[in-house]
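First up is the structure itself, then whatever we jot down about it.
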Amino acid sequence: MITVELDNFSLKEICQSGQCFRMYETEENTYELIAGDQYLKMTQDGGIVNFHCSDMEFICYWVPYFDIDADYSSYIAKINPRDTYLSAAAECGSGIRILQQDLWEMIITFLISQQNNISRIRGCVERLCEAYGEKKISGEKEYYAFPNPERLAAASEDDLRGLGMGYRARYIVETTRSILNGEISLDRIYQYRYYSRAKQELLKLSGVGEKVADCICLFALHHMDAFPIDTHIRQVLDEHYKRGFPNRRYRGMRGIMQQYIFYYELNKK
DNA sequence: AGCCAGGGACCAT
DNA sequence: ATGGTCCATGGC
């Protein structure tokens with residue numbers, strides 16, 4: 001087990017920030033996460049966080065995954081103090097991290113997310129993993145990895161509708177096909193240095209539009225300028241930023257500001 | 001019963 | 001480029 005003391009890091013806020021749909025609070029201050037084919041159990045008490053894994057796994061996998069080396073207080077310090085809304089949002093979600101999740105997993109997960117609510121998205125993703133993911137064991141814990149493209153290709157559109165994917169089933173089938181046949185290369189998308197280039201490529205996928213592409217750029221590729229505009233963010237922009245969000249000021253950190261707002265809207269009051 | 005949920009494809013101007 | 005309309009499903 002690894003024990004570390006971290007600033008601006010809250011498992012509760014990360015869990016509720018809606019980036020990862022396979023992270024659960026299983027008991028008080030205890031969280032379980034399945035990312036790709038990895039399982040991780042964590043506990044947190046104040047700033048002390050325990051990761052139930054080896055040194056090697058922590059350093060190679062979870063440090064980049066949770067963006068642990070980044071200093072989020074410097075992001076928060078850049079917020080315009082006169083922007084009382086954003087200041088309040090960032091204070092509310094100051095422990096949020098922008099995760100670096102698997103690209104393929106984010107593509108499928110955010111295809112499912114569209115016009116859907118978070119609890120139902122969780123259910124859909126879980127059923128998809130149970131049906132097509134590889135069964136794994138970590139200690140006493142049995143879990144299903146997220147299915148890779150080859151495994152998911154076994155699913156027909158009707159199969160996926162049977163799992164409750166609704167009209168998104170066609171998007172999943174078509175997107176899986178275009179990645180397997182090499183029409184779109186995940187490796188290439190990983191290597192694009194510029195956010196706009198990665199997004200442009202993602203937009204070629206069936207069922208991937210502006211918002212979903214931005215989520216993938218932010219939560220998998222760590223393009224911190226991606227600013228997904230969903231129905232909640234739209235309402236905030238209309239209400240608090242009638243003259244537009246101050247993009248210039250937050251260049252290079254728009255994505256984390258978006259997450260503070262999103263989390264705030266879902267958890268305030 | 002109708003509205004909403006981390007929207008996008010497709011079609012009409 | 002912009003603006004409807006339709007697309008499944010479950011919770012309220």
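Below, chains carry the letters A, B, ... as their sequence lines are ordered, and counting in each starts from 1. Since the model is a prediction, treat every value here as computed from it, not as a measurement.
One N or O on the side chain of A/Arg97 and one on the backbone of A/Asp67 form a donor-acceptor pair closer than 3.5 Å.
Annotation: B/dC3 and C/dT5 have their P atoms spaced 14 Å apart (nearest Å). Distance check on atom P: B/dG2 versus C/dC6 gives 15 Å, rounded to whole Å.
For the pair A/Tyr171 and B/dG8, the ring geometry does not qualify as stacking, because the centroid separation below 5.5 Å and plane angle under 30° are not jointly satisfied.
Close to C/dC7, at under 4.0 Å from its OP1 or OP2, lies no side-chain N or O of A/Arg168. Checking the phosphate oxygens (OP1, OP2) of B/dG6, no side-chain nitrogen or oxygen of A/Thr231 falls inside 4.0 Å.
Nucleic acid contact class of A/Tyr263 (heavy atoms, under 4.0 Å, all strands): none. Residue-level contact check: A/Glu265 touches neither bases nor backbone, having no heavy atom under 4.0 Å from any strand.
When every heavy atom of A/His223 is checked against every heavy atom of A/Leu218, the shortest pair comes out as O-CD1, 3.6 Å.
Between A/Gly207 and A/Ile233, it is A/Ile233 whose nearest contact on DNA chain B lies nearer the 5' terminus.
A straight line from CD1 of A/Ile108 to P of B/dG7 spans 17 Å, rounded to a whole angstrom.
Paired with A/Tyr24 under the rule side chain to side chain donor-acceptor pair (under 3.5 Å), one option of A/Arg122, A/Glu126, A/Glu32 passes, and it is A/Glu126.
Side-chain N/O atoms of A/Ser113 and A/Asn116 include no donor and acceptor closer than 3.5 Å.
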